[in-house]
Amino acid sequence: MREYIRHRLSESLQKCNFKVDEITIEKPKNPKFGDYTTNAALMIANRAGLKPREAAEKIIENLNYDIKLIDKIEIAGHGFINFYISDSYYFWVLNEILKKKEKYGLSEINKGKRANVEWVSANPTKPLHAGHGRHICLGKSISNLLEWSGYKVIREYYYNDAGNQMKVLAESVYARYMQIMEPGFPFPENGYHGNYITEIAKIIYEKEKEKYRNNYNESYFKSEAENYNFKSIKNTLEKLGIRHDVFFNESDLYKNGNIENVLKEFKKRNLSYISDDAVWLKIDESGERDKVIVKSSGEPTYRLPDIAYHIEKIKKGYDLIVDIFGSDHLDTYKDVLHGAAALGYDIKNIRVIIHQMVTFKVKKESNGMNEEVKHTTKMSGRSGKTYLLDDLIDEIGADATQFFFIMRSAPAHLVFDIDLAKEHSEKNPVYYLQYAHARICSIIRNAKDNFKTEYEKFLNPENIKPDEHLKTKEEIDLIRIISDFPEVILNAANEYEPHILISYLNQVAEKYHIFYHNHRVLNNEEINLSVSRLLLCFAVKQVLKNGFDALGISAPESM
RNA sequence: GCGCCCGUAGCUCAGCCGGAUAGAGCAUCAGCCUUCUAAGCUGAGGGUCAGUGGUUCGAAUCCACUCGGGCGUACCA
């Protein structure tokens, strides 16, 4: 509809000889200003030497449009042109929803294109903690949204199984293993401290007893620890319904010589130099921002394999490559992109999403007083315990976890109110949405069980014309809002912002609850009205369901 | 110091590629269940859009500066 108006408008503008670079057509906040509005007249008035209202009149005179779609066009305010869309258009959309069902809202704009989304990519050195949640849930929803915009999405996990960290991990486990037999055995200075390390050591001891006592086998301890951690990570992801298509092993980059090749290329193009026995990558003229890519010890820093990895992704020819990072990785991705670009690779298809950190808020009852306790991302209080993502999911459920982590725009800091998320009541914003869906399911069940005639007509609605029966404000508002769904979901995908979809679905649920409160759906006396309302309910249910799918939350049949 | 992000109702946040009266949830207060789920609906109060200056028909939105907060600025990942 927006595009229709845009086309008609530019035709008219051409006829009037008005030149304008970009006309904006938007939905006014206030419904009394119509369904769509344009400021075209205000934009061109100055240049055309006309008053805005005069320009608006001229535009309308030359406007050619279908009166079946547009009821009326008005000039308002200083020179806004407001379009009022006819109800028959919205009833046509209602029919479309009922036809397209689970495909309603699926865009074809990116049909045939492939997108690679890489996220999570946590190192198998420790279990996922709650702070990881935002990253994980954002990536899940963004991947879904891209699918709704038409992409074939490849979900990828960059598996970082090389480098120094794994060595430290193995040594940490070995130390705990030894401590079972010799409590005084020294723990490595920069070792991993979590309880899970001790847990892994115990498992090894039970399996192998004293086989490795004073007989350190790095690769054995490494692989035991790695497997344990990765299993735990995958298990947590599984709870959130996340499955990756590709696990890309960092170590492969070493095995197949990619790292070395990239290093050679840098050298050949004079983009790197040696200083203090380390290899540095040139970033800019000043040299102040140059970064070490190979340490003096001969080991690469993480930047080098990251560059090689991104080059691999670019070579695969994706139409879109999405990287999702927390703000703590801010500087590194710039170096990585810079490195790839410096070697002549095209980085224009790479889109980097940076999200801010999370603060968790918990209210604790202590001594009868309410004490508000805030934890930061790392959630490592004095107790030494970290708050695991797993525990969060177990405590508040997968849907609330998903919802709360994506309910704010990525660049904004997020305060996660755990008590609110836990609340199984009207306070919890997740349930507001899901409840609307469950209510509809309940009505459909009721129809099936107690309104046989209506239900059969509903399944076979050939002779039912909803536009003859749905006349009230609540019904029309509802039809209007669900007709926006394709536009909104595409917008959320283009912006990589799931929260756009959340606020929209909130409006849908709100309109539905109002409708529900004011009108009874099933009614023995007015069969066709009941069936028409059933059809409307079904369409709303479909929009909610499709939206939940893109967000990554479930659509409960009952609550 | 430098780079990125944020500053909007008591709290958490939308709105930000300029548009008409700045919105939502929570919290507070007042109403609505013999009828398909009250996890719902209706109403009320609550604002110097951090500040100052600029750009223009018009600024929460764009620009500059100031003040606050977060993150980064490693031969850690």
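Just so it is clear, the model here is predicted, and its values are computed rather than measured. So that the names make sense, note that chain A is the first sequence line, chain B the second, and so on, each numbered from 1. These values consider heavy atoms only, across backbone and side chains, with no hydrogens, waters or symmetry-generated copies.
- For A:Ala412, counting side-chain heavy atoms from C-beta on, the closest listed nucleotide (B:G19, B:A14, B:C71) is B:A14.
- If you measure from atom CG of A:Asn428 to atom P of B:G25, you get 14 Å, rounded to the nearest angstrom.
- Here A:Asn30 lies in heavy-atom contact (under 4.0 Å) with a base.
- Taking atom CD1 on A:Ile443 and atom C1' on B:U35, their separation rounds to 12 Å, with Å as the unit.
- Less than 6.0 angstrom separates the ring centroid of A:His132 from the ring centroid of A:His129.
- Look at NE2 on A:His499: it is 6 Å from P on B:A14, rounded to the nearest Å.
- Projected onto RNA chain B by closest heavy-atom contact, A:Leu42 and A:His519 fall at different nucleotides, the more 5' of which corresponds to A:Leu42.
- Nucleotide B:U73 forms a Watson-Crick or G-U wobble pair with B:G1, both donor-acceptor distances falling under 3.5 Å.
- A:Phe458 and A:Phe538 have perpendicular rings, their planes meeting at more than 60° on a 0 to 90° scale where under 30° would count as parallel.
- Between A:Lys422 and A:Asp417, none of the side-chain N atoms (NZ, or NE/NH1/NH2) sits under 4.0 Å from a carboxylate O, so this pair counts as no salt bridge.
- Salt bridge A:Asp484/A:Lys27: present, at least one basic N to carboxylate O contact under 4.0 Å.
- Atoms CG (A:Asn82) and C1' (B:G19) sit 11 Å apart, rounded to a whole Å.
- Applying the Watson-Crick and G-U wobble criteria (two distances, each under 3.5 Å), B:A38 pairs with nothing in any strand.
- Separating the CD1 atom of A:Ile502 from the C1' atom of B:C13 is a distance of 12 Å, rounded to the nearest angstrom.
- Near RNA chain B, meaning a heavy atom under 4.0 Å away, the residues from residues 273-283 of chain A are A:Asp276, A:Ala278.
- The side chain of A:Lys295 places no N or O atom within less than 4.0 Å of a non-bridging phosphate oxygen (OP1 or OP2) of B:A74.
- Taking atom NE2 of residue A:His517 and atom P of nucleotide B:U35, one finds them 12 Å apart after rounding to whole Å.
- Here B:A24 sits opposite B:U12 as a Watson-Crick or G-U wobble pair (both hydrogen-bonding atom distances under 3.5 Å).
- The pairing partner recorded for B:C67 is B:G7, the criterion being a Watson-Crick or G-U wobble arrangement whose two distances lie under 3.5 angstrom.
- Computed from coordinates, the A:Arg408 CZ to B:C13 P distance equals 6 Å when rounded to whole Å.
- Annotation: A:Glu260, atom CD; neighbour count of heavy atoms from other residues, nucleotides and ligands within 6.0 Å does not exceed 12.
- At a threshold of 4.0 Å, the pair A:Asp35-A:Arg480 counts as salt-bridged, since one of the basic side-chain nitrogens sits closer than that to a carboxylate oxygen.
- The distance from atom CD of A:Glu299 to atom C1' of B:C75 is 10 Å, rounded to the nearest whole Å.
- Using a 4.0 Å cut-off, some side-chain N or O of A:Lys29 falls inside it from OP1 or OP2 of B:A20.
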